[in-house]
Amino acid sequence: MMKTETHRFSQHTTLYHLGATLANLGTFTDPQRSVLLVDENVNRHYAAALEGWKKIIVPAGEDHKNMAVVGQLIDQLAALEADRKTTLVGVGGGMTTDVTGFVAAIYMRGVPFGFVPTTLLAQVDASLGGKNGVSQGMHKNLLGTIRQPAFILFDYTLPSTMPPAEWHNGFAEIIKYACIQDAALFEYLETHVDQALHGDVAVLQYLVECSVNTKTRIVLEDEFETGIRRWLNFGHTLGHAVEKLEHIGHGEAVSIGMVAASRLSEIKKGLPPAQTQRLIRLLQAYQLPVALTSDKKAVYDIFRLDKKREKDFIHFVLLESIGQATTEPILLTELQQLLEML
């Protein structure tokens, strides 16, 4: 199996990009010194491939991304006598990789970890960049760390077991990358809708590689989110609120958030309305929602505890044009007024 080292997030961390199956996992971590944290749905499909590994099953779904589940996982690690040299490997979607990275950061003050992301969303976003966290109450990812994995393994065959809705969630994040820094990718998405939705491997590989390259480039420049890494939050400020209020998929919520952010960009940055309409058409082509129907007061109430808030304003990601993002501090009082205009 060919292995290519493509990026370094830090001097200690390498991101590998390879066509690996779970059967190859032992190449990257010692089965005798590792514990797999496996999404319950993934385990149903791939339990045979993971035979012989120490394994903890992680309940599926964002509702389980909380400190109660973290405590249960830590209890199970202790029961397995995991120590400071034990490597944790998250095998699953974004919820599993987030929780695995968070547990690895706090168990015995930190143990090594890696990821095998099995959904399109996890491959293009959640597993990358070192952000690991859990939600608290209505606030998504309120608790977390920034700590890079030792390895990430991509296998383009793994997402084939995803329900159709999960495909669409992943495409929302790819569209986000196109909006903030890659106009050519936006055009590619427009011209390859059918191939992408049908899981064409060559198209999928290209989309994942573009997404990984964009996020890696941004994280290398701004690992701790003091500058351009904020751009990766395009659509997420409002999207996280919608996700919590409506109990919809992350990508669906981000899609709604991107349209809202684009409309705010018309007001604040002079973005041509035709570009917002172009974004709406692309999101709809990938079967993603575009209309904000949530109670706006409830959305604003969640904004007030957003991680991007500083004093009386929020660093909001806007578009100057498709392919060029910018960040602008917007006062909470103004944001409340702007919400009513959407």
Side-chain angles (χ1 to χ4, degrees), residues 4 6-7 15 17-19 94 117 119-129 152 154-160 162 164-221 228-229 231-236 239 249-259 261-262 265 271-290 317-326:
T4 305
T6 55
H7 305 289
L15 168 64
H17 180 181
L18 67 162
T119 66
L120 182 59
L121 181 60
Q123 289 186 348
V124 300
D125 183 53
S127 66
L128 304 168
I152 305 173
F154 293 117
D155 184 337
Y156 299 119
T157 69
L158 288 176
S160 64
M162 289 190 303
E166 288 301 325
W167 277 108
H168 310 316
N169 276 303
F171 289 123
E173 289 288 352
I174 297 171
I175 291 169
K176 176 197 76 177
Y177 293 124
C179 285
I180 66 171
Q181 210 175 50
D182 196 340
L185 176 60
F186 198 99
E187 293 178 8
Y188 185 91
L189 285 159
E190 289 176 316
T191 57
H192 291 80
V193 175
D194 290 341
Q195 299 98 311
L197 288 175
H198 287 91
D200 181 284
V201 174
V203 170
L204 183 62
Q205 182 173 346
Y206 177 79
L207 293 175
V208 171
E209 287 180 352
C210 284
S211 301
V212 170
N213 288 337
T214 295
K215 186 162 188 176
T216 302
R217 203 163 49 240
I218 290 173
V219 171
L220 282 170
E221 184 172 337
I228 68 166
R229 185 166 182 172
W231 294 355
L232 297 173
N233 294 315
F234 178 63
H236 284 60
H250 177 72
E252 294 173 310
V254 167
S255 177
I256 293 169
M258 285 192 289
V259 173
S262 186
S265 300
L271 181 75
Q275 297 216 6
T276 298
Q277 292 305 311
R278 187 180 172 197
L279 172 59
I280 289 172
R281 287 193 298 273
L282 184 63
L283 292 167
Q284 289 176 327
Y286 283 89
Q287 300 175 33
L288 289 159
V290 295
V317 185
L318 303 171
L319 295 182
E320 294 183 347
S321 63
I322 288 175
Q324 180 56 60
T326 188

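Between K176 and W231 there is no side-chain heavy-atom pair separated by less than 4.5 Å. Proximity of V212 to F154: side-chain heavy atoms (C-beta onward) are separated by under 4.5 Å at one or more points. Side-chain contact between D200 and D194 is absent, with no heavy atoms from C-beta onward closer than 4.5 Å.
Between the side chain of E252 and the backbone N or O of G249 there is at least one donor-acceptor pair closer than 3.5 Å. K215 places a side-chain N or O within donor-acceptor distance of the main-chain N or O of L128, the cut-off being under 3.5 Å. Side chain of H236 to main chain of F234: a donor-acceptor pair is present (N/O by atom type, distance under 3.5 Å, no hydrogens or angles). Proximity of a side-chain donor or acceptor of S262 to a complementary backbone N or O of M258 within less than 3.5 Å is not detected.
A side-chain contact (heavy atoms from CB on, under 4.5 Å) with L204 is found for exactly one of V124, L120, I174, namely L120.
With sequence neighbours excluded, the residues that form a salt bridge (charged side-chain N to carboxylate O under 4.0 Å, His left out) with E190 are R278. Applying the side-chain hydrogen bond (donor to acceptor under 3.5 Å, both in side chains) rule to T326 yields no partners; only residues at least two apart in sequence or on another chain are considered.
Listed by first then second residue, pairs satisfying side chain to side chain donor-acceptor pair (under 3.5 Å) with a partner in residues 177-187 read D125-Y177, Q181-R217, not counting sequence neighbours.
Using bins of under 30°, 30° to 60° and over 60° for the plane-to-plane angle, the ring pair H192/Y188 lands in the parallel bin.
The shortest heavy-atom contact between Y286 and V193 is OH-CA, 3.5 Å.
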